[in-house]
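Take a look at the structure below.
All chains are named by letter (A, B, ...) in the order of the sequence lines, taking the proteins before the strands, and each is independently numbered beginning at 1.
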Protein chains: 2
Amino acid sequence: MGSDEVNATTSTGARRSRLEPELRARVAKRFLEGEYRFTRNREALVATLAAADRPLTIPEIGVAARTLAVSSIYRNVAMLEALGIVQGVVTASDFAHYELAEDLTEHHHHHLVCSSCGAVEDFVAPAQLEDSVRAAARRVGRKSRFRVERHSVDFIGLCPNCV
Amino acid sequence: MGSDEVNATTSTGARRSRLEPELRARVAKRFLEGEYRFTRNREALVATLAAADRPLTIPEIGVAARTLAVSSIYRNVAMLEALGIVQGVVTASDFAHYELAEDLTEHHHHHLVCSSCGAVEDFVAPAQLEDSVRAAARRVGRKSRFRVERHSVDFIGLCPNCV
DNA sequence: ATTTATGCAAATCGTTTGCAAACCT
DNA sequence: AGGTTTGCAAACGATTTGCATAAAT
C-alpha cells in the first residue's frame, strides 16, 4: 500500500542543538513536578523536537538522539506526552508523529498532511479561521456533553514530493 | 439548517440495514468501474457504514457483518478506500475508524475525538467555520506547493463516557 | 470455465514490556 | 543507599498476506 518512507536526512532544521534556557527551565519544572528526572537523554529528546519545524516520528527522533535505545524513546515520549510536554499527531503514516506541546512553543499552528506518504508540515492559520474554530468549539460545548480541550485543523492532500 | 447534530448513540449503533437504492446504484457503479465485484459481503459492509452515525472500527463493522472474516473486512475496507467510497479517520484509538466518503453521503461534517478512549462522533460545523476553512485552504494552495484535497476539523477532548 | 473473493492461519512490524545493569541525587 | 532510567530481547496486537476453496460473472 503506502510506501511510507521517512527520509530522516531531509531538512528537519538544526542538528543536535541545545535547548534554549528559558524553554529548558519550563520543561525541567514539569519534570520535577512529575517527580521525574531530567536526564541528558530526555533533554536531547526535547531539544530535537524543539529544533524541528514539523512533527517527527520515533525513527526520526532516533537519528537525532542516536545514543538512546528505541524502546527508551517510546517510553520517554509516552511520559512526555503524559506530562503535557509533547503532543501526538495522528496521521495515516505507519509511524506516529510527535511535536512539542503548544503551550511550550507559544506557536499555535496546524498541519498539512500528505495522504500519500503521511508526511506532515506545519502551517499557521489566518486569525479569522482561528476565531471561527473557537466559536464553533464553544458552540459544541454548549450543545453537547463533549468537553472540548483543543482542536486540530488539518489540510489533507498531496505534498510536493508526491506530486 | 438549525440543527447541528451531535449524535451520541450507544456504542453499537448500527443495525443490519439495507442500502438505499440510490446510494446502492452509485456505489455499484464505482465497483464496476474499478472492475470489482459487488458482492453481498461488500454491500453489507457499505450498508453498515451508511447506517452508522459515526465512523466505525473494523471490529465494529465485524459485529454488524458477522459473516465476514476479519481479514476480508480489512481487505475490503482498503479497496473501498482506494475507490473513494470509504474514508479513513485518524484517531488516537488502537483501531482505525472508517466512514463513507462525503461525496456519497452529501453530508459534510467533522469529528469530536475523545482523547481518552478514542471514540469518534460526528458534528456539523456552522457555515461560518466552513467558509473560513475553505478560505484558508485556498490560501495554502497559493502559498505553498501542497495540493489541498480536503480538510478535517477535529475537536479533541473528553466524551461524556470519559467525564 | 475463468476470474475474483473469501476464510484461515501464519507472518509482519510498530510498539510495549520484563528484567538486570547503569545511572542520578 | 535508594530509587529511577536504560538497553536488550522477548512479547504484544492490529493489520497484512499466502494459499486453497468458494462464489461471482
Exercise. For B:Arg40, enumerate each residue passing the salt bridge (charged side-chain N to carboxylate O under 4.0 Å, His left out) test, keeping only those at least two apart in sequence or located in another chain.
Key: none
Pairs of donor and acceptor atoms involving the side chains of residues 147-163 of chain B, under 3.5 Å and at least two apart or interchain, shall be tabulated with distances.
| from | atom 1 | to | atom 2 | distance (Å) |
| --- | --- | --- | --- | --- |
| B:His151 | NE2 | B:His108 | NE2 | 3.2 |
| B:His151 | NE2 | B:Glu130 | OE1 | 3.3 |

Quiz prompt | End-to-end axis angle, where each axis spans five pairs of the helix from C:dA1-D:dT25 to C:dT25-D:dA1, to 10° | solution = 30°
Quiz item: Which residues pass the salt bridge (charged side-chain N to carboxylate O under 4.0 Å, His left out) test with A:Arg37, sequence neighbours left out?
Solution: none
Quiz item: Charged N to carboxylate O under 4.0 angstrom, A:Arg54 versus A:Glu60?
Solution: yes
Quiz item: Between atom CG of A:Leu68 and atom CG of A:Asn41, what is the distance when rounded to the nearest 0.5 Å?
Solution: 4.5 Å
Under 3.5 Å, which donor-acceptor pairs do the side chains of residues 80-91 of chain A form with other protein atoms, sequence neighbours left out?
| from | atom 1 | to | atom 2 | distance (Å) |
| --- | --- | --- | --- | --- |
| A:Glu81 | OE2 | A:Gly88 | N | 3.2 |
| A:Thr91 | OG1 | A:Ser93 | N | 2.8 |

Quiz item: Taking for each residue the nucleotide of DNA chain D bearing the nearest heavy atom, is the 5' side occupied by B:Phe95 or by A:Leu68?
Solution: A:Leu68
Quiz item: Of all residues at least two apart in sequence or in a different chain, which pass the salt bridge (charged side-chain N to carboxylate O under 4.0 Å, His left out) check with A:Glu35?
Solution: none
Self-check item: Covered region of DNA chain C, 5' end to 3' end, by chain B [heavy atoms, under 4.0 Å]
Solution: C:dT3 to C:dA9
Practice problem: Just grab all the ring pair (Phe, Tyr, Trp, His ring centres under 6.0 Å) pairs involving residues 47-73 of chain B, residues at least two apart or on different chains. | Solution: none
Exercise. Please list, chain by chain and in numerical order, all residues satisfying salt bridge (charged side-chain N to carboxylate O under 4.0 Å, His left out) with B:Arg24, sequence neighbours excluded.
Key: B:Glu43
Quiz prompt | Other residues, nucleotides, ligands: >12 heavy atoms within 6.0 Å of A:Glu33 CD | solution = yes
Exercise. Give every residue pair that meets the ring pair (Phe, Tyr, Trp, His ring centres under 6.0 Å) criterion with at least one member in residues 36-70 of chain A, sequence neighbours excluded.
Key: A:Phe31-A:Phe38
Quiz item: Side chains of B:Glu121 and B:His109: donor-acceptor distance under 3.5 Å anywhere?
Solution: no
Self-check item: Per-nucleotide protein contact string for nucleotides 20-25 of chain D, where B marks a base within reach and S marks sugar-phosphate only (heavy atoms under 4.0 Å, - for neither)
Solution: ---BB-
Practice problem: May I ask you to list the residues of residues 74-88 of chain A, by number, that have any heavy atom positioned under 4.0 Å from an atom of DNA chain C? | Solution: A:Tyr74, A:Arg75
Exercise. Rounded off to whole Å, could you give me the OH-to-P distance for the A:Tyr36 and D:dG3 pair?
Key: 16 Å
Quiz item: Quick one: does B:His107's side chain have a donor or acceptor within less than 3.5 Å of a partner on B:Thr105's backbone?
Solution: no
